[in-house]
S.K.: 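Let me begin by handing over the structure; questions about it come next.
Just so it is clear, the model here is predicted, and its values are computed rather than measured.
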Amino acid sequence: MTDTADTAKIVETAESGDGRTRVERYDPTAVEPRWQARWAELGLHDTDLADTSRPKYYMLTMYPYPSGDLHIGHWYIVTPSDALARYRRMHGFNVFFPIGFDAFGLPAENAAIREGGHPFTWTMQNMENMRRQFRTMGATFSWKHEVVTADPSYYRWNQWMFLRFLEKGLAYRKKSPVDWCPNDGTLAREQVEGADRHCWRCGAPVEKRDLDQWYLRTTAYADELLDFRGIDWPEPIRIQQTNWIGRSEGAEIDFETARSDGHRGGETLRVFTTRPDTLFGATFMVLAPEHPLVETLTAPEMRAEVEAYVAQAKRRTEIDRLSTDREKTGVAIGASAINPINDEQIPIYIADYVLSGYGTGAIMAVPAHDERDFAFAQQFGLPIRRVVAAPGTAADGPMADAYVAHTEGERLVNSGPFDGMSADDGGKAIVAKLAETGKAEPKVTYRLRDWLISRQRYWGTPIPIIYCETDGIVPVPDADLPVRLPENVDYKGRGDNPLTLDEAFLRVDCPRCGGPARRETDTMDTFVDSSWYWFRYLSPDDDEGPVDRAMADAWTPVDQYTGGAEHAVMHLLYSRFWTKAMRDCGLVGQDEPFLRLFNQGQILGADGERMSKSRGNVQDPDELVARYGADTVRLYLMFMGPWDQGGPWSPTGIGGPHHFLSRVWTLTIDPHGREPGDPDAGNLPAGEDVAAAEARLRSAAHRTLRDVTADYEAYHFNTMVAKLMELSNVLFRYRGTPIAGGAAWDEAIRLLLLMLAPAAPHITEELWSRRAAEAGREWSSIHTESWPEVDVAATAESTREVPVQVNGKLRDKLTVAAAISGPELEAAALASPKVTAFLAGRQPDKIIVAGGGKLINIVVREV
RNA sequence: GCCGAAGUGGCGGAAUGGCAGACGCGACGGUCUCAAACACCGUUGAGGGCAACCUCGUAUGGGUUCGACUCCCAUCUUCGGCACCA
């Protein structure tokens, strides 16, 4: 890859009348498009996936939703990722850095309903605009591997894999409630507004409606998903996923309902508890309002009240129901249960703090040892009986709070034959006792629920299922895939799914009996698309299967995945699940999708809110690129702060990086220039001769290289840029002096450009080409260079500064030989006049030489 | 509410047990200029002092340590997620 044809000549510097040199100024608009075109022409970023001569590196960023325009948040994700991709290439890796679009989803439908267009058109136009904007960044995406999830060649494989999961028993159908508007059909969470829960479009009150829907069995992998061995993920994400999965060990225990007026008793009520040791403390029982036995158990005189409560609970959100802050509500249903361990009769309540989807939807309430049960018991005047006592605590007597935590030496009390056992042993013994008669068994439950993938919407992957009157649920045969979305749809300005009205789509012959049948009209959650897209980048046009196994084996797992922490428990967990499910279908040979994860922060609008068109707080990068150039915008985004932090967007300060790049430009093309304003211009610093100055410059350059390399590795881009600025400041100090343009200077410039190249690819490429031209070398891209090596010898220093503290307060700084010994350092510190003044004749009690002589602290008793 | 994260100059931030405020923005002063812009050099946490210097200071209150922005406990505030936004 060599070429000299359009390499610019170094610009002549001319003396102007005022004695100042006039050099060509840094003009990114002239430089950037030229190099972008050149890189594209040379195919610099099109990864050859078949090349095995170099080690592979799969660099992935979360693909964008084509919302319309790229905003500065997209740049914030991509810019450092691109810098890393370039950095890894300089280390000899064959880097794959693909891009695509998460093209299905709600906003496209909203636009279609609002504007009367088609989600397809809206999405395609947005993608075209975003592709253009991505190109102005100079990102090294491998465009020829692009994936668009709304394309039948992609979603076909969602359908195909769904059918494999169905065969494996990983997909199933179940009734479950949705938020329903009579005019606009199923509503998403964000489409339900206000405390009274009304439809965002038409304002109608939102109802719950039970629909038959498709689930994926994520819970089958719950234990495996808790195992993070072999992947290097941030601890907060691992903790969040662990808590989300929420593994609880405990027991299921059967209570029988008691005979009473109008009720014969004898039904089994199974509860799940993590605290079987507290069974003697169960003073009432609580069912979820949705529990199937509520209907049969409710006493006639309670029926009206219970039904009203059930209706009210249905309208509450889960967050609201689980709030421990809210006053406890509930209703006694007029029935009792019998505690199997002591035959005690306890009343049955329904309350919305018990959820039907967790455990068995019923609990034994132990107010003495559970905070929510305690609050409920207080509210309803129910007995609170202590059954676990910490050492020194009386077995009886009033309790001000639930005793939940465990204490060393605690014992069961008020628990009949189990009194005196530890909570742990007692729980096991109680379960074992009941297990003899089949009334209890040890059980593990999870907070994690199976994944509901059915969506009552048009703009998604059709679920490939046919309903036949004789054959029931019939999968679409593989040969008939993809089930395509019909193109002509009419939303009629409403939110419900137009597929349900499309006769041509709906009517189909049953693949088994040939009789009349009906297609499933639900489509898949868009999280299905994003659960495996990185495999498809490797073989986007493959029509034999979803993944090319050989490619997947060679290139996955992904080495580095970058995206927002807001995806901690959904997308990132679904992707892990999907990979494991694919593995179990024999499609891939790995357990985990992403080896290393990094969560970059989120750029908010200037108002501190999430950027969105409706808020009008979106920062358009095009404007900034036109004004400062892509390199400045890239550098500013990296310099703003730590990458994992994000924060409100403010362009204040973008002048800093621009200024820095201008200085790099000036240093490279005009080393001998001088500016007025510096009284020392042209002179070496006092006390330095040429040799000392060159040694100092080399030392600065190689220290910078050492530190910048560490910062790239640790993704500390803000300090990386700061260190390059420091080096440029050092170089500016030597500009116009006798060492400017010499060997040490030239080496420092070379290192500076190489270190800056991944972050600011255009200006470095331009300056690199000019240096080549000046030296009469043939051009080759700076982006094909190797990362330079640190000269450790050059970084050594003969003296260093040691802070001296007295009682932890800084009192002096000593300049000492770098190789000074500990005792010598102590002696020097004690000899310091400032130190002796503070000691005022007192003998030091202790002298601490910290960090191998990095700091000295003299401790002396205060008088 | 529950789970996770973050609070440091006028502003973005640096320092992850050892010199608080690197680097940059802004502001102020200067050089250059007829002038302005650009560029370049310098000053810039607060308070006190002529000065050398001193005191205070990392959301708040406590603790551990020779030494705490950093570790522990409690509190406050802000942000992300809570299963149909992506």
S.K.: Do A/Arg447 and A/Trp244 meet the cation-pi criteria used here (NZ or CZ under 6.0 Å from the six-membered ring centre, within 45° of the axis)?
M.R.: yes

S.K.: Within less than 4.0 Å of OP1 or OP2 of B/rG24, is there a side-chain N or O belonging to A/Asn729?
M.R.: yes

S.K.: Using atom NZ of A/Lys809 as one end and atom P of B/rA20 as the other, report the distance to the nearest whole Å.
M.R.: 11 Å

S.K.: Is NZ or CZ of A/Arg114 both nearer than 6.0 Å to the six-membered ring centre of A/Trp122 and within 45° of the ring axis?
M.R.: no

S.K.: Measure CG/A/Asp450 against C1'/B/rA83 and give the value in whole Å, please.
M.R.: 12 Å

S.K.: Kindly point out which of B/rC19, B/rA14, B/rA83 is positioned nearest to the side chain of A/Leu810?
M.R.: B/rC19

S.K.: Between A/Arg447 and B/rC82, is there a contact of a side-chain N or O with OP1 or OP2 at under 4.0 Å?
M.R.: no

S.K.: State whether A/Gln645 places a side-chain N or O below 4.0 Å from either non-bridging phosphate oxygen (OP1 or OP2) of B/rG13.
M.R.: yes

S.K.: Is the closest basic N to carboxylate O distance between A/Lys723 and A/Asp707 below 4.0 Å?
M.R.: no

S.K.: Is the distance from OP1 or OP2 of B/rG12 to the nearest side-chain N or O of A/Asn718 less than 4.0 Å?
M.R.: no

S.K.: With nearest nucleotides of RNA chain B determined for A/Tyr636 and A/Phe838 from heavy-atom distances, which residue corresponds to the more 5′ nucleotide?
M.R.: A/Tyr636

S.K.: For A/Lys854, is the NZ atom crowded, meaning more than 12 foreign heavy atoms sit under 6.0 Å from it?
M.R.: no

